Amino acid sequence: MTSPGGVPPFMNHRARAVIEVDGIQHYSRDNPQKSAPPLADPVRYAAMMAEDRRLTLQGYEVYRVGGQELADRASAEKGITEFFTDLLRRHGHVEPKR
C-alpha cells in the first residue's frame, strides 16, 4: 500500500528504505550432488552486496532480514515488531524511548 506519492504510508516523504528477506538463495547455489546441502556462492553474495551499496548511494536505507529470523513465529513477531518500531522511531513517527 502506498500513498499518492508512492511512499509507504508508514514512512515520511524524505525516507527511502528497502527491506529484503534473505533466504538461502541469496548466498548459495544448488549442489550438483542433489542429496548434498547447497554450496556457498561468494559471487552471488558479492553481487548482492554491490547492489546494497548501489542502493545506499542512491539514498536508500537497506535493511536485510535473514530468513532464519522468521522461522519461529513468536520470535519473528517480536523481532519484526521491534525492528519496525525502531525504524519508525528513527524517522520521527514514534516517540523516542525514555
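Side chains are part of it too, since the values below use all heavy atoms of this structure and drop only hydrogens, waters and symmetry mates. These numbers come from a predicted model, not from an experiment.
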Notebook entry, point to check: Which atom names give the shortest non-hydrogen contact between M48 and R64, and what distance separates them?
Noted result: CG-NH2, 3.1 Å
Margin query: Within the supplied structure, the quantity of interest is the number of heavy atoms (other residues, nucleotides, ligands) at a distance under 6.0 Å from Q58 CD; does it exceed 12?
Written below: yes
Margin query: So which atom in P38 and which in I24 form the shortest heavy-atom distance, rounded to 0.1 Å?
Written below: CG-CD1, 3.5 Å
Check: For D72, which residues count as a salt bridge (Lys or Arg N to Asp or Glu O under 4.0 Å) partner, sequence neighbours excluded?
Finding: none
Checklist line | Inter-residue atom distance E82.CD - R89.CZ, 0.5 Å rounding | finding: 10.0 Å
Next item on the list: Let me see the working for E61 and H91 under side-chain contact (heavy atoms from CB on, under 4.5 Å), right down to the final yes or no.
Entry: CA-CA 12 Å; E61 295 175 22; H91 292 284; 2.9 Å; yes
Next item on the list: Could you state whether L87 and L70 fall into the same hydrophobic cluster, counting links through intermediate Ile, Leu, Val, Met, Phe, Trp or Tyr residues with side-chain heavy atoms under 4.5 angstrom apart?
Entry: yes
Checklist line | Side-chain donor or acceptor of R44 paired with backbone N/O of H26 under 3.5 Å | finding: no
Margin query: Please give the remaining members of the hydrophobic cluster of L55, linking ILVMFWY side chains under 4.5 Å, ordered by chain and number.
Written below: V18, Y60, V62
Note to self: Using 0.5 Å steps for rounding, measure from the CD atom of E69 to the NZ atom of K78.
What the structure shows: 12.0 Å
Check: Is there a path from V21 to Y63 through hydrophobic residues (I, L, V, M, F, W, Y) whose side chains come within less than 4.5 Å of each other?
Finding: yes
Margin query: With a 3.5 Å distance limit and no angle check, can you tell me whether E77 reaches the backbone of A74 through a side-chain donor-acceptor pair?
Written below: no
Next item on the list: Determine whether R29 and V43 make a side-chain contact, defined as any pair of heavy atoms from C-beta on separated by less than 4.5 Å.
Entry: no
Check: Taking everything shown except Q68 itself, do over 12 heavy atoms lie less than 6.0 Å from its CD?
Finding: no
Notebook entry, point to check: Is there a side-chain contact between V65 and F83 (heavy atoms, below 4.5 Å)?
Noted result: no
Notebook entry, point to check: Nearest 0.5 Å, what's the CZ-CD1 distance between R73 and I80?
Noted result: 12.5 Å
Notebook entry, point to check: With a 4.5 Å limit on heavy-atom distance, are the side chains of Y45 and D22 in contact?
Noted result: no
Note to self: Main chain of L39, side chain of N31: is a donor-acceptor contact present, judged purely on distance under 3.5 Å?
What the structure shows: no
